[in-house]
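Taking it in order: structure first as structure tokens, then the write-up.
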Amino acid sequence: MEIEGNAALIVVDVQKGFESAYWGRRDNPEAEGNMAALIDRWQETGRPVVFVRHDSRQAGSPLAPGTEGNAFKDFVEERRGAGAGPEVLVTKTVNSAFYGEPDLDAWLKGAGIEQLVIVGIQTNMCNETTARMGGNLGYDVLFALDAMHTFDLAGPFGWSRTAEELTRATAVSLHGGRFARVVTTEDVLKGTAA
């Protein structure tokens with residue numbers, strides 16, 4: 001797999017508030033290490049990085065502006081501004097990074113970017129929504145499944161699914177529905193090797 005020289009890494013909502021017990025049990029303990037490896041590679045190769053932050057309007061949310069939980073996790077904050085390539089911070093109050101400030105689609109198109117690699121939190125929420133919109137907008141979307149995580153979730157009719165089940169369902173929906181290509185961190189790193 002070849003990763004374009006100007007492919008954008010979209011780092012979604014890697015915020016301290018997701019460490020709260022509020023969310024419940026999560027999957028993929030390796031996610032943060034894989035995210036860090038991809039951010040490092042993007043910064044080393046001068047590729048563009050988009051850091052996305054969720055500014056929740058929901059009362060009591062661990063991601064509310066002005067709370068410690070709204071801040072990026074330390075491994076992300078330490079990397080912001082450290083790369084050789086372009087970087088932008090997008091803030092949002094909904095699931096999709098394409099409905100944030102500044103306008104992500106306009107920023108990407110202005111830079112001539114056609115390929116996106118999505119990582120971050122949560123797999124089946126903001127990551128999936130951003131991937132679906134990216135696919136609909138015509139981007140070549142790569143969804144690095146092992147560089148993200150989610151949480152167990154209760155739904156209607158007494159149904160609930162584990163984080164692992166939700167991750168698999170997202171992967172099948174995105175890949176099978178051709179919104180994105182579901183890949184691994186290793187796939188992406190190999191595709192960016194000199």
Side-chain angles (χ1 to χ4, degrees), residues 1-15 18 27-53 72-90 96-98 100 102 104-124 126-150 167-168 170-194:
M1 166 187 343
E2 187 174 337
I3 306 298
E4 294 175 9
N6 72 338
L9 182 67
I10 314 292
V11 183
V12 180
D13 302 350
V14 186
Q15 294 165 252
F18 281 117
D27 67 347
N28 193 14
E30 306 303 318
E32 285 82 356
N34 289 329
M35 290 179 217
L38 289 169
I39 296 169
D40 289 346
R41 179 62 59 87
W42 251 250
Q43 292 182 326
E44 290 162 6
T45 60
R47 289 178 168 91
V49 181
V50 178
F51 292 101
V52 181
R53 187 185 72 219
F72 288 116
K73 291 188 181 193
D74 291 343
F75 81 92
V76 170
E77 189 58 40
E78 291 162 4
R79 287 169 167 81
R80 289 185 61 220
E87 179 181 307
V88 67
L89 169 65
V90 173
S96 177
F98 286 99
L104 179 57
D105 186 45
W107 189 85
L108 294 167
K109 285 189 166 74
I113 295 167
E114 298 179 351
Q115 188 177 60
L116 314 177
V117 177
I118 297 177
V119 304
I121 308 170
Q122 299 181 57
T123 308
N124 58 313
C126 297
N127 295 3
E128 181 175 353
T129 305
T130 299
R132 285 177 180 271
M133 283 198 67
N136 282 171
L137 290 167
Y139 293 97
D140 176 21
V141 180
L142 303 176
F143 199 75
L145 197 65
D146 60 350
M148 55 184 73
H149 74 79
T150 193
T167 293
R168 288 186 202 106
T170 291
V172 170
S173 293
L174 290 177
H175 199 89
R178 297 185 182 165
F179 292 99
R181 289 183 283 160
V182 176
V183 297
T184 66
T185 297
E186 184 180 4
D187 293 334
V188 176
L189 290 173
K190 284 180 180 175
T192 59

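- Atom CG of residue L174 and atom CG of residue L142 lie 11.5 Å apart, to the nearest 0.5 angstrom.
- Within the 4.5 Å cutoff, the side chain of V188 has heavy atoms near those of the W42 side chain.
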Applying side chain to side chain contact (heavy atoms under 4.5 Å, CB included), run through L89 and F72 and close with a yes or a no.
CA-CA 11 Å; L89 169 65; F72 288 116; 3.8 Å; yes
Going through the checks in order, is the side chain to side chain contact (heavy atoms under 4.5 Å, CB included) test met by F51 and I39?
CA-CA 10 Å; F51 292 101; I39 296 169; 4.2 Å; yes
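- Looking at E128 and R132, a side-chain N of the basic residue comes within less than 4.0 Å of a carboxylate O on the acidic one, giving a salt bridge.
- Note that the NZ atom of K190 and the CD1 atom of I3 stand 12.5 Å from one another [nearest 0.5 Å].
- The local environment of CD in E77 is crowded, with over 12 non-hydrogen atoms from other residues, nucleotides or ligands closer than 6.0 Å.
- Listed here is the closest heavy atom pair of P86 and G46: CD-O, 3.9 Å.
- With a 4.5 Å cut-off on side-chain heavy atoms, I118 and V12 count as touching.
- Rounding to the nearest 0.5 Å gives a distance of 11.0 Å between CD1 of I10 and CG of N127.
- The only member of I121, L9, T185, D146 that meets side-chain contact (heavy atoms from CB on, under 4.5 Å) when paired with M35 is I121.
- Each of Q15, E32, E78 was scored for a side-chain hydrogen bond (donor to acceptor under 3.5 Å, both in side chains) with K73, with one residue passing: E32.
- Proximity of K109 to E114: side-chain heavy atoms (C-beta onward) are nowhere separated by under 4.5 Å.
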Could you go through Y139 and M133, starting from their C-alpha distance and side-chain angles, then the distance that decides it, and tell me whether this counts as side chain to side chain contact (heavy atoms under 4.5 Å, CB included)?
CA-CA 9 Å; Y139 293 97; M133 283 198 67; over 6 Å; no
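- Few gaps surround CZ on R80; more than 12 heavy atoms of other groups in view lie less than 6.0 Å from it.
- Closest approach of A147 and L38 over heavy atoms only: CB-CD1, 3.9 Å.
- Between L108 and A8, the closest heavy-atom pair is CD2-CB, 3.8 Å.
- For M148 against N28, the heavy-atom pair with the smallest separation is O-ND2, 2.8 Å.
- Here the CD1-CG distance, from I113 to D140, works out to 13.0 Å after rounding to the nearest 0.5 Å.
- Side-chain contact check for V11 versus V52: every heavy-atom pair is 4.5 Å or farther apart.
- How far CG of D27 is from OG1 of T123: 5.5 Å, rounded to the nearest 0.5 Å.
- Of the inter-residue distances, the one linking T130 atom OG1 with L116 atom CG reads 9.5 Å to the nearest 0.5 angstrom.
- Each of R41, E2, E44 was compared with T192 under the side-chain hydrogen bond (donor to acceptor under 3.5 Å, both in side chains) criterion, and only R41 meets it.
- Between V141 and G134, the closest heavy-atom pair is CG2-C, 3.8 Å.
- Ion pairing between a basic and an acidic side chain is recognised when a charged N comes within 4.0 Å of a carboxylate O; R79 and D40 show such pairing.
- F143 is not listed as a side-chain neighbour of V117, based on a closest heavy-atom distance of 4.5 Å or more.
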Please determine whether side chain to side chain contact (heavy atoms under 4.5 Å, CB included) holds for the pair T167 and T150, giving the CA-CA distance in whole Å, both sets of side-chain angles, and the decisive distance to 0.1 Å.
CA-CA 7 Å; T167 293; T150 193; 3.6 Å; yes
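- The two atoms that bring V182 and A171 nearest to each other are CG2-O, 3.5 Å, heavy atoms only.
- Judged by distance alone, with hydrogens and angles left aside, the side-chain atoms of N6 form a donor-acceptor pair with the main-chain N or O of G112 at under 3.5 Å.
- Inter-residue side-chain proximity for V14 and F75 is flagged as met; some heavy-atom pair is nearer than 4.5 Å.
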